[in-house]
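Working notes, beginning with the structure itself.
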Amino acid sequence: MELCYRLGCFIFYLKQCSQRRSPAFMDKIITRFPPSPTGYLHIGGARTALFNWLFARHHGGKFILRIEDTDRVRSTDESIKAILDAMEWLDMGWDEGPHYQMQRLDVYREYIDRLVASGRAYYCDCSPEDLEKRRAAAMAAGLKPKYDGRCRDRGLGPGPNRVVRFRLPDSGATVLNDVIKGPIFFEHSELDDLVLQRSDGIPTYNFAVVVDDVTMGITHVIRGDDHVNNTPRQILIYEALGASLPQFGHVPMILGPDKTRLSKRHGAMSVMAYKDMGYLPEALINYLVRLGWSHGDQEIFTRAELIEHFSLANVGKSPSVFDPEKLLWLNAHYIKESSPETLAPLVESFVEDRAAFAAKPAPFLSKAIETLQPRSHTLVEMGAAIKFYLVEDVAYDPAAAKKFLTPEMREPFRRLIEMIGGLEMFNEENLERVFRQVVVEEMGLKLGKIAQPVRVALTGSTMSPGLFEIIDILGKDAVLKRLRRAMENF
RNA sequence: GGUCCCAUCGUCUAGUGGCCUAGGAUAUCGGCCUCUCACGCCGGAGACACGGGUUCGAACCCCGUUGGGACUACCA
């Protein structure tokens, strides 16, 4: 019995495959990203957008941005702006749109009329309260809380407080031939007559997406797998409309560390929050693309490599956990890879004293940033670390000052000031020679013995870039000044 | 509860019946480098959820169990 059913489904599946074999492969590929503007662009949405963007770019197709703003209560203009900003920051340009569903109401209405006229949809005047009661009653009776079809054959026309429902087949099954997950079968008996148009005349999600995807010529619907259960209903709507089906690809969800769907309580969710935390868009993109997709053992991808290699075939089926640590590693990687010149304007916004930063000449800034690149994981870290290069008087870390700015350093510092002051060629090489050959040998001190006190004098901290690079960048005057000031602490 | 999906190191993943005494990355631990902190380099530990099949042979195929997730609205 079960076998017969499976077999039936399989044959049906084969039939569907052959039905829509070619169009999608022959024609230009068109994908879309349809966020609903009820908040910022989050990590999960960004990855979905990225997959669609990459897929379109890989195939030389088109990527459409569509704003699904039919939820009038929750949609806001701020959200639209936030989403657009995030798309721009991630450098995912769209070829068409943004389309707004609220500006397409006449289109949906036209399709509704067609469906009602053909008998595939009908008006229903059941009130939400009544529906709720009936659902509760069904649950109590141990039945599925489905719409009971009360208005199906009442032949109601348009009117106030009336929704339009889709008439689903009573029997049979629909197969979703998912590009990522493979064939998935749904029995129609599990589905119910969903609302296509609300009583205020605005279409619901399931109807609007189908109409939009049909009219915009979408060939590949790549979205989160939280939509899998909606898909059979949507497929039925496509068929009722006489439209050909796109390819569906459902990408597994991104989970939080506790393995539940990623949400605010897991911390930063918004793409732009990562910008504010000093992340580079390249790092986020690279991290996101590897969440659920892979290309052998490769971890680091340029944008061009991503476009070249991206394929739905290599998207995994299982959900993945968001790991901030790996994102951080990638960010550090991209900070190291970037040129100091491109980093400079980005770092500026993370510096406490922007005026002091802006006052420094570009070459100085570049050299300073270069010394910070291998030791910064974020731009925030770099913005803080660059401070000692900019200030007039460094602030000493109390513990560091107490430990290293001691009276026994008086003589070494005096000699150092003397030697550095007399240097003809002020560069890293000569500086190191002063330290090593003169001070270390002459005074019998280990380099480490003198390095830390000098480091504290110059940076205020025991942790910093290499001593000689710092001295070189700071310049003779500033170095002498800081050394003398430190001696006041002895 | 019902429907659907998923299951390899802590995490992201490679793996599509023999190349697997399971590879890479991250995180972690140890060492090297060294003027500090990093970076970098070298090395260690660390996984096929479980039980049945199929097969000469299974991480890979089938069934079941367990575990996790999604959906179940006049939200999207």
Side-chain angles (χ1 to χ4, degrees), chain A residues 34-38 68-71 73-75 101 124 126-128 131-132 135 139 142-146 161-165 176 178 181-182 184-187 189-192 194-200 202-206 208-209 223-232 250 252-253 255 257 259-261 287 290-300 314 316-330 332 336 371-377 381 385 400 404 432 435-436 440 446-452 454-456 459 461-468 470:
Chain A
S36 61
T38 54
E68 308 216 324
D69 52 357
T70 54
D71 182 344
V73 186
R74 298 196 303 150
S75 297
Q101 290 188 322
C124 164
C126 297
S127 73
L131 251 18
E132 191 46 53
R135 259 196 293 268
M139 290 266 258
L143 300 168
K144 291 179 190 304
K146 301 198 306 180
N161 296 320
R162 286 183 186 177
V163 301
V164 176
R165 283 184 187 274
L176 157 59
D178 199 278
K181 294 178 182 279
I184 304 173
F185 301 91
F186 297 90
E187 292 212 63
S189 57
E190 294 295 336
L191 277 21
D192 68 354
L194 67 155
V195 172
L196 300 179
Q197 185 181 78
R198 297 188 278 235
S199 54
D200 59 5
I202 294 174
T204 57
Y205 162 74
N206 278 304
V209 251
R223 71 222 314 190
D225 73 3
D226 46 337
H227 287 290
V228 166
N229 288 304
N230 283 324
T231 310
H250 288 95
M253 305 265 82
L255 274 23
K259 307 272 181 99
T260 65
R261 189 183 178 146
Y287 178 73
R290 283 286 288 103
L291 217 47
W293 174 82
S294 62
H295 179 69
D297 285 338
Q298 191 170 348
E299 294 286 348
I300 309 287
N314 294 315
K317 293 181 178 187
S318 51
S320 33
V321 174
F322 183 79
D323 179 13
E325 291 291 339
K326 191 157 183 179
L327 207 206
L328 196 63
W329 168 72
L330 273 165
K336 276 180 292 223
T371 67
L372 266 17
Q373 280 177 275
R375 54 204 99 223
S376 304
H377 293 88
E381 283 180 20
F404 294 108
E432 184 153 1
F435 271 78
R436 285 189 191 283
V440 176
K446 289 247 187 201
L447 184 55
K449 184 74 179 167
I450 188 80
Q452 283 304 74
V454 172
R455 188 184 312 282
V456 174
T459 72
S461 160
T462 54
M463 299 169 291
S464 83
L467 205 51
F468 309 116
I470 295 176

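Every chain is numbered from 1 and lettered A, B, ... according to where its sequence line falls, protein lines coming before strand lines.
Looking at the side chain of A/W329, the nearest of the listed nucleotides B/A27, B/A76, B/U36 is B/A27. Between B/C74, B/C35, B/U3, one nucleotide has an atom nearer to the side chain of A/R165 than all others, and that is B/C74. Proximity note for A/S464 (side chain, C-beta onward) versus B/C5, B/U36, B/C35: the nearest is B/U36. The side chain of A/E190 lies closest to B/U3, out of B/C4, B/U3, B/C12. Across B/U3, B/C39, B/C12, the shortest atom-to-atom separation from the side chain of A/H377 is found for B/C39.
Taking each heavy atom of A/S320 and A/G292 in turn, the nearest pair found is OG-N, 4.1 Å. Taking every heavy atom of both residues into account, A/D69 and A/Q101 meet most closely at OD1-N, 3.2 Å.
Judged by distance alone, with hydrogens and angles left aside, A/R375 brings a side-chain donor or acceptor within reach of the base of B/C37, the pair sitting under 3.5 Å. Remark: the A/Q298 side chain and the B/G24 base include no donor-acceptor N/O pair separated by less than 3.5 Å.
Checked for salt-bridge contact, A/R261 and A/D226 meet the test: a charged N lies under 4.0 Å from a carboxylate O.
OP1 or OP2 of B/C71 sits under 4.0 Å from a side-chain N or O of A/R261. A/S294 has a side-chain polar atom (N or O) that falls below the 4.0 Å cut-off from OP1 or OP2 of B/A14. Between A/K146 and B/G2 there is no side-chain polar atom (N or O) within less than 4.0 angstrom of OP1 or OP2. Remark: A/R436 is in phosphate contact with B/C35, judged by side-chain N or O atoms under 4.0 Å from OP1 or OP2. Considering only side-chain N and O atoms, A/R223 lies nowhere under 4.0 angstrom from the phosphate OP1 or OP2 of B/A70.
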Show the distances under 3.5 angstrom between N or O atoms of the protein and N or O atoms of nucleotides 59-65 of chain B.
none

What does the list of N/O pairs under 3.5 Å between the protein and nucleotides 8-11 of chain B look like, with a distance for each?
unit_1, atom_1, unit_2, atom_2, d
B/U11, OP1, A/K259, NZ, 3.0

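When heavy atoms are screened at a 4.0 angstrom cut-off, A/P257 is found touching no nucleic acid atom at all. Nucleic acid contact class of A/N230 (heavy atoms, under 4.0 Å, all strands): base. When heavy atoms are screened at a 4.0 angstrom cut-off, A/L467 is found touching base atoms of the nucleic acid.
One P atom belongs to B/C29, the other to B/C61, and the distance between them is 37 Å to the nearest Å. For B/C62 and B/C5, the P atoms lie 13 Å apart once the distance is rounded to whole Å. The C1' atoms of B/C20 and B/G15 are separated by 9 Å, rounded to the nearest whole Å. With both ends at atom C1', the span from B/U11 to B/U16 equals 24 Å, rounded to whole Å.
Across the strands present, B/G51 finds its partner in B/C63; the criterion is a Watson-Crick or G-U wobble pair with both atom distances under 3.5 angstrom.
At least one donor-acceptor pair closer than 3.5 Å links the side chain of A/K146 to the backbone N or O of A/L191. Side-chain atoms of A/N314 do not come within 3.5 Å of backbone N or O of A/H295 as any donor-acceptor pair.
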Check: Can you check side-chain contact (heavy atoms from CB on, under 4.5 Å) on A/E68 and A/V209, steps first, answer last?
Finding: CA-CA 8 Å; A/E68 308 216 324; A/V209 251; 3.6 Å; yes
